[in-house]
Structure formats: C-alpha cells, structure tokens
Engineer: 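Have a look at this one before I ask anything.
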2 protein chains.
Amino acid sequence: MTSGHPLPQDREPTLTIAEVAERTGLSHDTLRYYEKAGLIERVGRTTGNQRRYDAADLAWLEFLLRLRETGMSIADMQRFAQLRAEGDVSVADRLAMLREHRAGLADRIRALRRNARALDDKIDHYERLLSEAPGQPGSEDLT
Amino acid sequence: MTSGHPLPQDREPTLTIAEVAERTGLSHDTLRYYEKAGLIERVGRTTGNQRRYDAADLAWLEFLLRLRETGMSIADMQRFAQLRAEGDVSVADRLAMLREHRAGLADRIRALRRNARALDDKIDHYERLLSEAPGQPGSEDLT
DNA sequence: GCTTGACCTGGAGCGTGCTCCAGGTTCTAC
DNA sequence: GTAGAACCTGGAGCACGCTCCAGGTCAAGC
C-alpha cells in the first residue's frame, strides 16, 4: 500500500523484510522467527546476507496467516510446512491435515455462534434492566 | 454427571470445589486462580476453610466461561467482575462492555467464515491434485 | 480415633508465541 | 567516502493463562 513496488509477478526475490512485514502485518522479528522455526523455508539473500522474499514466499506467508487466524498452532504449522517441503508425495497427508483443521474450525464457529446468541440474551436482559429502572437501585441482578 | 448431588436450586453453599470443577470443566487450580484474580468474589467456606460454592457462583462461572470461550481476556473479565461487584449502578457500563465484546465477536466470526471458505478452496485444490495424479510426482504445487 | 483422600495457601514454573536487545554488518543517498 | 537507516544473528525476556509443588489442615468412613 505504501511501498512503491508492485507485487512481483515472477519468482524474482525482490521484497525486503520491511516490505513483507508491511504487506502481511507481521513484524520483522516474527518473520525471522517463522523462518527460524521452519514455517518458511530459508528465504533468499543478497550477497550481503539480507533477505529478499519472492511472490511465492508471500503467498505461503498469507496461507500461514490464514491457518494462524483460524487457530492452528505453530507446531501444527511446522508439521504442515515440513510436509510441503517433502513435495508431492505428501499431498494426501496435507489434505488430511487441512480437512481435520477445517472440521475443527466448523466446530469452533458453531460454538461461537451459540455463545453469541447467549450473549445476545444477556444483553437483552441488561437492556430491560436499564429501561425499567435506569440507574436506580432496587432491581437486583445476579449477573 | 458423576456427582450424586442435584444442582442446588437455592443459594445454599453446598458444592465442593471438586463438584464445581466437574460441572464447569475448570481445574481445581483454575477455580482457585480465578478467585484469587477477582473473577469471582470470595467463595463461602466451611468452618474448616474449605470452599462451598452455591448456585449463583456456578451460574456466574458459566457466564465467565462464555466470555472466555468468545475470546475475552482475563483482564477484561476482571473489569466486568469488578463492575458487577459495584451493583446496579454499573449496569450501563456492563451493557456497554458486553455490546462491544459482542461486536468484536461478530467480526471474528465473519473473519473465520471468510477463512473457512479460503480453506475450502485450498482443500478442493488438493483434492484435484490427488485425483489427477494420485501419489505421482510431476504435478508440482506451490503450496 | 485413625486413616486416607480432599482440600488449603503462597509461590514457583511452564508452554505458547512472540518481542526485545546487543553488537555488528550492509545498503542507500548524498 | 560517509552518514544514517535498514538489516543481520543469537539469545534473553515477556505477557498470558494457567499448572504444579511443598508443606500443611480438614473431613468422611470404618
């Protein structure tokens, strides 16, 4: 958004860590931590050892973010990243992981919606309390 | 479920910490931690200083669990518990907190559903890979 | 009245996921 | 060529939410 660079369409490693941080919302430290943890394969470097990310790195990071946002742990992401590094032979395993994660996500969304309805009831309760005796004592409440 | 005690309908403090742990799914340690942290007011004690919870304690704990499951931090729950302890004068503030929490929850559910759709696309992609070239190399994949 | 399991307190420790720091190197603009 | 910003590494530190531990006291059944 702020960077003058267009997104690279090719595999040229042109993005600095600052640019990737800005695009992903991850900090520089987190990007380095993810690399050290094996969530992303070793990123390309300049001759002076500075990181240069390519479009594939960015796409993978965005996928990792999706996994993270849906509650996957670093440990599971490490497992997924390792499978990915093994290449095509691991496609079935990766698919199984994603399906399991997707199922857990569906469960969590359902639970959140149930809890949201219960919160709505509580909110209604408070609204009734307020409209009946706004600011006045006497309408005792347990919760 | 395992306890022979029925749920107390009144305010008699009859539930031991073990019974409350079983009903809420919280550990003994967590129940004591929540009390120390001020999430629940000091629970009644026997003459021998052992905790005995009543029905209101249980209902409040279940409400706290709902807040926790929907992502509220301990710090925010402390704030809410403190408002509750202030009585009716804080109803408006509590309502405001709940509304804000509810709005954040709606945002998070929407984000999860978006991410779930993206995961479905990824799963479809893997399924296609598998059905086209099951277990065979050659169908290279970026993710 | 004794045993045995449940419970008490204060405080230390832990797993997760970063975040910060020191001390040094590299890059960019002038 | 030089200043200053950006980047590097290894490792320590931190916030959160518990969880465990030691060293006791209490309660229920026999």
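Since the structure is predicted, the reported quantities are computational estimates derived from the model, not experimental observations. Below, each value reflects all heavy atoms present in this structure, side chains not excepted, and no hydrogens, waters or symmetry copies. Throughout, protein chains are lettered first and strands after them, A, B, ... in sequence-line order, and every chain is numbered starting at 1.
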Engineer: For B:Arg32 and B:Ile17, work out which heavy atoms get closest and say how close.
Structural biologist: CG-CD1, 3.7 Å
Engineer: Does anything in residues 100-111 of chain B reach DNA chain D, meaning a heavy atom under 4.0 Å, and if so which residues?
Structural biologist: none
Engineer: Using whole Å, report how far CD1 of A:Ile40 lies from C1' of C:dG17.
Structural biologist: 15 Å
Engineer: Before accepting this row, confirm whether a basic side-chain N of the pair B:Arg79/B:Glu100 lies closer than 4.0 Å to the acidic partner's carboxylate O.
Structural biologist: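 Here B:Arg79 does not pair with B:Glu100 in a salt bridge, since their nearest N and O are not under 4.0 Å apart.
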Engineer: In whole Å, what is the span from the OH atom of A:Tyr53 to the C1' atom of D:dA6?
Structural biologist: 13 Å
Engineer: To the closest 0.5 Å, what do you measure between CG (A:Leu61) and CG (A:Leu31)?
Structural biologist: 6.0 Å
Engineer: Below 30° counts as parallel, above 60° as perpendicular, anything between as tilted: where do the rings of A:Phe63 and A:Phe80 land?
Structural biologist: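 Tilted, since the angle between the ring planes falls between 30° and 60°.
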Engineer: Which pairs, protein N/O on one side and nucleotides 15-18 of chain D N/O on the other, fall under 3.5 Å?
Structural biologist:
{"residue": "D:dG17", "atom": "OP2", "partner": "B:Ile74", "partner atom": "N", "Å": "3.3"}
{"residue": "D:dC18", "atom": "OP1", "partner": "B:Arg68", "partner atom": "NH1", "Å": "3.1"}
{"residue": "D:dC18", "atom": "OP2", "partner": "B:Tyr34", "partner atom": "OH", "Å": "2.8"}

Engineer: Which residue pairs pass the salt bridge (Lys or Arg N to Asp or Glu O under 4.0 Å) test with at least one member in residues 63-77 of chain A, sequence neighbours excluded?
Structural biologist: none
Engineer: Under the rule for side-chain contact (heavy atoms from CB on, under 4.5 Å), what residues qualify as partners of A:Ala75, not counting sequence neighbours?
Structural biologist: A:Ser73, A:Gln78
Engineer: Do B:Leu129 and B:Tyr126 touch side chain to side chain, with heavy atoms closer than 4.5 Å?
Structural biologist: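 Result yes, sub-4.5 Å side-chain heavy-atom pair found.
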Engineer: Calculate, to the nearest 0.5 Å, the distance between atoms CZ and CD belonging to B:Arg51 and B:Glu19 respectively.
Structural biologist: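 One finds 14.5 Å between CZ of B:Arg51 and CD of B:Glu19.
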Engineer: Going 5' to 3' along nucleotides 7-12 of chain C, which nucleotides have protein heavy atoms under 4.0 Å from the base (write B), which only from the sugar-phosphate (write S), and which from neither (write -)?
Structural biologist: SSBBB-
Engineer: Taking side-chain contact (heavy atoms from CB on, under 4.5 Å) as the definition, give me every residue that meets it alongside B:Arg99, ordered by chain and number, with sequence neighbours left out.
Structural biologist: A:Ile123, A:Glu127, B:Leu95
Engineer: I need the B:Glu22 CD to B:His28 NE2 distance, nearest 0.5 Å.
Structural biologist: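 Between atom CD of B:Glu22 and atom NE2 of B:His28 there are 9.0 Å.
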